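Written out below as structure tokens is the structure these notes cover.
Only heavy atoms go into these numbers, but all of them, side chains included; no hydrogens, no water, no symmetry mates. The first residue in the sequence is number 1, and the count goes up from there. A quick note: this is a predicted structure, and the numbers were derived from the prediction, not measured.
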Amino acid sequence: MELHVANHPLIDHKMTLLRDKRTPSPAFRELVAELVNLLSYEATRGLRVEPVEYDTPVAGATGSKVTEPLPLAVPIIRAGLGMLDGFLKLMPYCEVGFIGMRRNEETLEPETYAKRLPEDLADRQCYVLDPMLATGGSLAATVQFLLEAGATDVTAICLVAAPEGVEKMREDFADANVRVVVAALDEGLNEHGFIVPGLGDAGDRLYGVVD
């Protein structure tokens with residue numbers, strides 16, 4: 001597993017605004033889209049392409065196009081949905097699947113409650129969208145599912161990560177073709193499992209509090 005922290009002044013500036021508790025939901029959603037667009041540029045450096053011949057107004061030339069099967073974006077519901085528009089602005093030709101993950105309050109293990117994916121993931125490049133990498137349970141379960149379904153490499157895009165979650169990803173995918181791209185690596189988790197300093201509950205800040 002490879003970790004990439006996208007250090008850039010624009011990302012730092014936008015992350016400061018995103019973390020501020022005074023930032024209202026409409027501005028928060030816009031900032032998430034802008035940040036994901038920036039992170040997606042870094043996350044897609046390994047995107048598979050193939051040569052293609054074409055004509056400019058002056059001469060023939062050789063360029064590149066994205067290979068098939070097309071890459072797959074997989075937002076983890078619900079907070080990951082807030083990242084999808086930002087990703088699709090950069091990658092409008094990819095396909096989209098959805099996974100709903102939540103923590104079982106009795107076992108504390110992640111469980112899948114919704115899934116909408118192509119039947120065949122063979123040889124797919126997948127991009128998982130999840131704002132927070134906290135304990136790593138939900139993200140690790142999603143990545144494992146995609147790999148078992150035939151995906152050949154998986155890149156996760158997160159806004160904020162805790163060292164605990166990064167370590168779990170490293171342990172679970174030590175030898176797998178998995179990459180995690182984040183805007184910020186924070187201090188750690190508090191006693192309630194929230195990332196510190198973090199940005200709070202990303203789903204609630206995107207869409208409002210849902211009981």
Side-chain angles (χ1 to χ4, degrees), residues 1-25 27-43 45 74-84 86-87 99 101-105 107-111 127-144 154-174 176 178-210:
M1 195 283 288
E2 177 187 351
L3 174 69
H4 177 72
V5 181
N7 294 315
H8 191 283
L10 277 176
I11 290 177
D12 294 342
H13 169 75
K14 292 178 186 297
M15 281 299 299
T16 298
L17 298 173
L18 192 76
R19 293 180 190 271
D20 193 329
K21 67 180 183 180
R22 297 169 296 181
T23 299
S25 287
F28 189 91
R29 288 192 292 268
E30 183 62 29
L31 285 164
V32 168
E34 293 172 0
L35 281 160
V36 173
N37 193 257
L38 293 170
L39 292 174
S40 298
Y41 181 81
E42 294 295 328
R45 285 187 179 275
V74 185
I76 299 179
I77 302 171
R78 77 179 160 130
L81 289 175
M83 303 173 69
L84 184 58
F87 185 78
I99 288 183
M101 300 287 294
R102 63 187 170 202
R103 186 175 69 169
N104 185 302
E105 295 303 325
T107 66
L108 302 183
E109 295 296 321
E111 60 182 18
Y127 296 89
V128 181
L129 309 177
D130 193 14
M132 316 290 287
L133 174 52
T135 63
S138 294
L139 183 59
T142 299
V143 171
Q144 185 63 41
V154 180
T155 298
I157 302 175
C158 304
L159 298 176
V160 180
E164 295 90 335
V166 171
E167 184 58 29
K168 176 171 179 56
M169 294 294 291
R170 283 183 171 143
E171 290 177 356
D172 288 5
F173 306 106
V178 174
R179 190 168 184 239
V180 177
V181 177
V182 302
L185 181 61
D186 279 11
E187 299 170 11
L189 302 176
N190 64 16
E191 64 274 17
H192 303 294
F194 282 95
I195 300 176
V196 178
L199 48 82
D201 187 300
D204 286 351
R205 296 195 66 186
L206 281 162
Y207 303 119
V209 178
V210 177

Side chain proximity check, [X] to [Y], heavy atoms < 4.5 angstrom:
X: R29; Y: L206; answer: yes
X: D172; Y: M1; answer: no
X: T155; Y: V181; answer: yes
X: L189; Y: I195; answer: yes
X: M15; Y: V160; answer: yes
X: D186; Y: V196; answer: no
X: V154; Y: F173; answer: no
X: V143; Y: M169; answer: yes

Closest approach of [X] and [Y], non-hydrogen atoms and distance?
X: P197; Y: R19; value: CG-NH1, 3.7 Å
X: L185; Y: P163; value: CD1-N, 4.1 Å
X: T23; Y: A27; value: CG2-CB, 3.8 Å
X: C158; Y: L133; value: SG-CB, 4.0 Å
X: S40; Y: F87; value: OG-CD1, 3.1 Å
X: A6; Y: L39; value: CB-CD2, 3.7 Å

Between the main-chain N or O of [Y] and the side-chain N or O of [X], is there a donor-acceptor pair closer than 3.5 Å?
X: H8; Y: L10; answer: yes
X: R205; Y: L199; answer: yes
X: D130; Y: I76; answer: no
X: R170; Y: L3; answer: no
X: T135; Y: G165; answer: no

Atom [atom1] of [X] and atom [atom2] of [Y]: how far apart are they, to the nearest 0.5 Å?
X: L129; Y: L139; atom1: CG; atom2: CG; answer: 10.5 Å
X: L18; Y: E34; atom1: CG; atom2: CD; answer: 10.0 Å
X: D20; Y: T16; atom1: CG; atom2: OG1; answer: 9.0 Å
X: N7; Y: D12; atom1: CG; atom2: CG; answer: 6.5 Å
X: I157; Y: L38; atom1: CD1; atom2: CG; answer: 11.0 Å
X: T142; Y: I99; atom1: OG1; atom2: CD1; answer: 4.5 Å

side-chain contact (heavy atoms from CB on, under 4.5 Å) assessment of M83 paired with V32: CA-CA 6 Å; M83 303 173 69; V32 168; 4.0 Å; yes

